[in-house]
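The block underneath contains the structure these notes are about, expressed in structure tokens.
If you're wondering where the values come from, they're calculated on a predicted model, not measured in any experiment. Here is how names work: the chains are called A, B, and so on, in the same order as the sequence lines, proteins then strands, and each is numbered from 1.
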Amino acid sequence: MSEGRLFDRRGFLGGGCALCGLLAAGCQTTTAAGPARLNPGERPAAASDEASLWSAMERAERDIRTSAHIVRTPEVMEYLTGIMTQLAGPFARDVRLYVVRVPEFNATMAPNGMMQIWTGLLLRCSNEAQLAAVIGHELAHYTQRHAIERLRAFRSGTDIAAFLGLGLAVAVGGLGMLATQLATVGGLMAYTRDQEREADAVGIELAAAAGYDPGQGGALWERLLGEVARDERGDRGRGGFFASHPAIEERMEVIRRDTAGRTGETHAERFRSRLGGLQLALVEEELRQRRYARSEWLFDHLHKDGANPGLMLHALGEVNRLRDAAGDGERAAGFYTAAVAATGAPPEAWRGLGLVERRRGRADAASAAFTRYLALKPTAADAAMIRSYLS
Amino acid sequence: MTRLFAVALLVLLTACNQWTLVNPGPTNIRSSLQLSPTIAFNQRAGALPAQPTETWTLDGPLLNRVWILPGIPEGRPLVVAPSTFADPNARPFPAIKPTMNETEMMELIADTISIDNGQVALTTENLRPTTFSGQPGFRFDFQFAGRNELRYRGSFVGAMIDGKLFGVMLTATSLHHYQSLLPEFERLAASARRLTAAS
């Protein structure tokens, strides 16, 4: 139906990272392995290879700023930017956050301070502390200048500007690829395992310094691993990064070890309330992928984590209704019934209940559910069809 | 042998990108659906035999296209060969089930469009009853932004007839092409006639 080429999934999963801690202090250190970390407000020297890299990223960022795939809800962006600002401390004015509508787990940081969080990651966070761990991880990419470090290692005689220029031409012009794909050097190369470990460590320290429970980052990893293990597509469902980076399990163990016994706030309720109506859109994006077993496992675990019970029960009902295998209709009806009795259920839960009851031949129950749905959402996209069912 | 294989592959790839002319007037689609365009279209030729749909366009599929569903049976997806926008890991696409109601058929079509265009956020609107080929059917409109940043609008009109999904769908850029092609799309949808062995 269409022509083009889409994503290479790296970034938080495969994105780089570096040295430990002290991000908030903003002090400058030099490592034997890489360049000195950035100071707040610092830009690369003119005519340097790093300046070329920043320039390319700034061009990509101009495209992203006007992209149709960016979440622009002011209250959501104000909230998420606030979390990043708190974690970034003295670097807060150097970094910018964009939420990109892609229903996969990922976040990226470009070397010029452009951070992207994919909507699939927001769905998978149960609380603010989990998101803070990711943002902390990505901030470390920026302050530790991992992109230029990796690019210089990768370069070996290749002209950096030509390299990036080719990347831009192919990504934006040649194949019509979304500019976000290029927005991080992580999209062009993977970071080392050591850098990943260091990034995790930085994320933990930043989250802890801001008062968050630092172990929540490990909990997020754990749930992701459990989710992809249920993917109907087997190894393909793990995506390119998982296929080539089995160290995820190892990193999760290290995070667990390093955060054992440490406590802090999760701010789960604040996370749910501030994301507001975006949460239903996140659920719908996931449902559209039709990866039933994986989504069911995810929604079930988010529900057990206490994340918006009405919405998660509705999501479980939707998975069962859409899959429609043996017994799914009955299970879907059960989830919808529980959803509408819980807090936070969207009107669509009544519609789902009506559809499965209609399919099960329970006309009265279906009519009652449809009537309730139309009362709650008279301008629904499918209102005319639902009214035809009632008549 | 290798050279022969390379030539065969080249011929196959070339065939995949060929277009043939569809003249105005009654046109049979795979012996199962007849449409009567009032203007000439380009039809994608050399599509994979397993691909259950046909594509027509006036100005190229990135600007406008009419997607024709000539009776897709139970258990089959609407897309077999994903577009190059789609995540290669996204398959299999959802398949038609006999228990589906109109809302669920709309969801199936919308989800297929979303996945095939690179997991785009797609909004459906105004699902309502209609007729298609003289049978009770359904219609809805939709919008999405492609991964190429073009904004698209679309409309689907179709029906489940004897367990097979028939329909036509217009997808075109919001700027100019959708409104420009909508009247012809309405005529196409109204002209649809299911073909049977007896017809």
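Look at R44(B) and E54(B) and you find no salt bridge, because none of the NZ, NE, NH1 or NH2 atoms lies under 4.0 Å from a carboxylate O.
With rounding to the nearest 0.5 Å, the separation of CG in L127(B) from CG in D382(A) is 6.0 Å.
If you measure heavy-atom distances from E102(B) to chain A, the contacts under 4.5 Å come from both the backbone and the side chain. With a threshold of 4.5 angstrom between heavy atoms, R387(A) does not approach chain B through any atom at all. Residue contact with chain A, scored on non-hydrogen atoms closer than 4.5 Å, is absent for L78(B). For chain A, the nearby parts of P129(B) are the backbone and the side chain; heavy atoms of each come within less than 4.5 Å. Residue L322(A) touches chain B through both its backbone and its side chain, counting heavy-atom pairs closer than 4.5 Å.
Heavy-atom pairs under 4.5 Å with chain A were tallied for T124(B), L108(B), D141(B), T99(B); the largest tally goes to T99(B). Among N126(B), T123(B), T171(B), the residue with the largest count of heavy-atom pairs under 4.5 Å with chain A is N126(B). Most heavy-atom pairs under 4.5 Å with chain B: of the set R288(A), R359(A), R351(A), R321(A), this distinction falls to R288(A).
Using a distance-only test at 3.5 Å, with no hydrogens or angles considered, a donor-acceptor pair links the side chain of S191(B) to the main chain of S36(B).
Ring planes of F142(B) and F140(B): tilted class, angle from 30 to 60°.
Residues W56(B) and F41(B) bring their aromatic ring centres within 6.0 Å. Taking the six-membered ring wherever Trp is involved, the centroid distance between the rings of Y178(B) and Y152(B) does not fall below 6.0 Å.
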